[in-house]
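Take a look at the structure below.
Numbers here are sequence positions counted from 1.
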Amino acid sequence: MRTNRALRTPGGLSVRLDVRATVVVALILLAALTASVVLIGTGDYPIPARDVLKTLFGDGNAGQEFIVNELRLPRVLVGLLVGASLGLGGALFQAISLNPLGSPDVLGLSQGATAGALTMIVLFSGSAGQVTTGALVGGLVTGFAIYLLAWRRGVHGYRLVLVGIGVSAIVTAINGYLLTRSTLTEASQAVVWMTGSLSGRDWTQVWPLLWLCAVLVPLVLVNGRGLRMMEMGDDVSNALGVRVERVRLLLLVAAVLLTAAATAAAGPVSFVALTAPQLARRLTRSPGPNLLASLCMGATLLVTADWTSQKVFGADQLPVGVVTGVLGGVYLLWLLVTERRAGRI
């Protein structure tokens, strides 16, 4: 039995609170912050967690402040923001498509961002900033193309997934062609970027992603009620006063922006957007898209994967995308078996 509480403010506003979901979100957020502190202290120059906290609050020595604030903190913040963006974007795609496989990895948005980055690397020998811009543009163009191709008196779940899979195959072929046109140096740079990595990330990647999340996350959460109603079907949602196509388009644009920005910042980190919403739902046991829980779970997964790669293989030896790819692949196989046994695929 679920435990729900109704909170009422002096102004008469009433909010229903799911106690289990609230506790789970708090615990996941605590896990993300704990993993972040441990990750900041991990590296060639290890720093105890206590000293990391002291440095973050301005009480460290000069060496610790440089290592923590200039070298490691930006990387961890990018990891948190990228993971949160992918987790939230994946939850939106899965809720809109009504399909647990509806994620940017499957729909081709990550591949579209990769195509934009490869275009800048191979054809224009672009700088890091130009590669980031190319990835963002590539993801947005791919998302727009998928929406147009899936439109037929509205956008519906399975059609969106099928169109996304087709577009993903086409864009993957384009990426392969671009790699064959590259030099050895360009191909090496492109492969590292395509794997998904947090290595070398600094404050220039933090601020754009932070501002984007500051705008899009509240917008998405405000429309969460309409998204939850849409799971009952378009006719029921319309009868309840939800402007279905407007909400769907708004949230699709937000999901594409979040995914494209995350890919531009860290490369196509695989499977976080697929696994985070499903893990969040299983922990909260709550119906609906579980947007906030998915956001926190995505951040936790990515910083934990980065810590694992550094702890096991050493700093910057194994890109975080390899770790998430292995873990996500195992999870995907389990999900497919579970869905087949349930008769849903």
Side-chain angles (χ1 to χ4, degrees), residues 24-43 47 49 52-53 55-57 67-92 104 110 132 135-136 196-218 220-221 254-255 257-277 279-280 283 290-311 315-316 319-321 323-324 327-328:
V24 168
V25 168
L27 291 176
I28 296 173
L29 184 59
L30 179 62
L33 296 177
T34 303
S36 299
V37 171
V38 174
L39 179 57
I40 291 174
T42 302
I47 304 175
V52 170
L53 291 173
T55 304
L56 290 174
F57 285 103
I67 292 173
V68 170
N69 296 328
E70 298 300 325
L71 298 182
R72 296 180 183 174
L73 180 59
R75 173 178 178 148
V76 172
L77 289 177
V78 170
L80 288 171
L81 291 170
V82 167
S85 299
L86 292 175
L88 183 57
L92 289 173
S110 298
T132 299
L136 184 60
S197 174
L198 296 175
S199 178
R201 298 307 184 264
D202 56 28
W203 291 104
T204 59
Q205 281 88 32
V206 173
W207 296 117
L209 198 54
L210 180 61
W211 283 112
L212 184 70
C213 289
V215 173
L216 291 182
V217 170
V220 169
L221 295 180
L257 284 171
L258 287 167
T259 303
T263 306
V269 180
S270 57
F271 287 113
V272 173
L274 177 68
T275 57
L279 292 175
L283 288 175
N290 287 279
L291 298 177
L292 191 58
S294 299
L295 181 151
C296 296
M297 179 60 74
T300 304
L301 286 177
L302 195 53
V303 294
T304 303
D306 194 31
W307 175 82
T308 302
S309 68
Q310 292 193 45
K311 194 68 176 178
D316 300 331
V320 67
V323 178
T324 60
L327 297 178

Subject >> W203 atom CH2, over 12 foreign heavy atoms within 6.0 Å >> reply: yes
Original post:
Does the side chain of M297 come within less than 4.5 Å of N290's, by heavy atoms?
Top reply: no
**OP:** Kindly compute the distance separating CZ (R201) from CG (L209), expressed to the nearest 0.5 Å.
**Re:** 11.5 Å
Original post:
So, for A261 and L212, which heavy atoms are closest and what is the spacing to 0.1 Å?
Top reply: CB-CD2, 3.2 Å
Subject >> Student check: side-chain heavy atoms of F271 and L327 closer than 4.5 Å >> reply: no
Original post:
Hey, are the side chains of T324 and S270 touching, using non-hydrogen atoms and a 4.5 Å cut-off?
Top reply: yes
Subject >> Distance-minimising heavy-atom pair for P277 and G90 >> reply: CG-C, 3.6 Å
Subject >> Beyond-backbone contact of C213 with S85, side-chain heavy atoms, under 4.5 angstrom >> reply: yes
Original post:
Is the shortest heavy-atom distance from the side chain of L291 to the side chain of L88 under 4.5 Å?
Top reply: yes
Original post:
Rounded to the nearest 0.5 Å, what separation is found between the CD atom of Q310 and the CZ atom of R72?
Top reply: 8.0 Å
Original post:
So do L73 and L56 actually touch side chain to side chain, heavy atoms under 4.5 Å?
Top reply: yes
**OP:** Compare all side-chain heavy atoms of T132 with those of T204 and state whether any distance is below 4.5 angstrom.
**Re:** no
Subject >> Value rounded to 0.5 Å, distance of CG in L39 from CG in D306 >> reply: 5.0 Å
Subject >> Minimum heavy-atom distance V269-G196, with the two atoms named >> reply: CG2-CA, 4.1 Å
Original post:
Distance from T300 atom OG1 to L80 atom CG, nearest 0.5 Å?
Top reply: 8.0 Å
Original post:
In Å and rounded to the nearest 0.5 Å, what is the CG to CG distance from L283 to L27?
Top reply: 9.5 Å
**OP:** Please report the shortest heavy-atom distance between V82 and A265, naming the atom on each side.
**Re:** CG2-CB, 4.0 Å
Subject >> Identified side chain to side chain contact (heavy atoms under 4.5 Å, CB included) counterpart of I28 within the set V25, L30, V24 >> reply: V24
**OP:** Walk me through it: do L279 and L301 pass the test side chain to side chain contact (heavy atoms under 4.5 Å, CB included)?
**Re:** CA-CA 10 Å; L279 292 175; L301 286 177; 4.1 Å; yes
Subject >> Minimum heavy-atom distance between G79 and L198, given as atom pair plus value >> reply: CA-CD1, 3.8 Å
Subject >> From L86 atom CG to L295 atom CG, the distance as rounded to the nearest 0.5 Å >> reply: 10.5 Å
Original post:
What pair of heavy atoms forms the shortest contact from S197 to S199, and how long is it?
Top reply: OG-N, 3.0 Å
**OP:** Look only at the side chain of E70 and the backbone of I67, and say whether a donor-acceptor pair between them is shorter than 3.5 Å.
**Re:** no
Original post:
Hey, does I47 have a side-chain heavy atom less than 4.5 Å from the side chain of I40?
Top reply: no
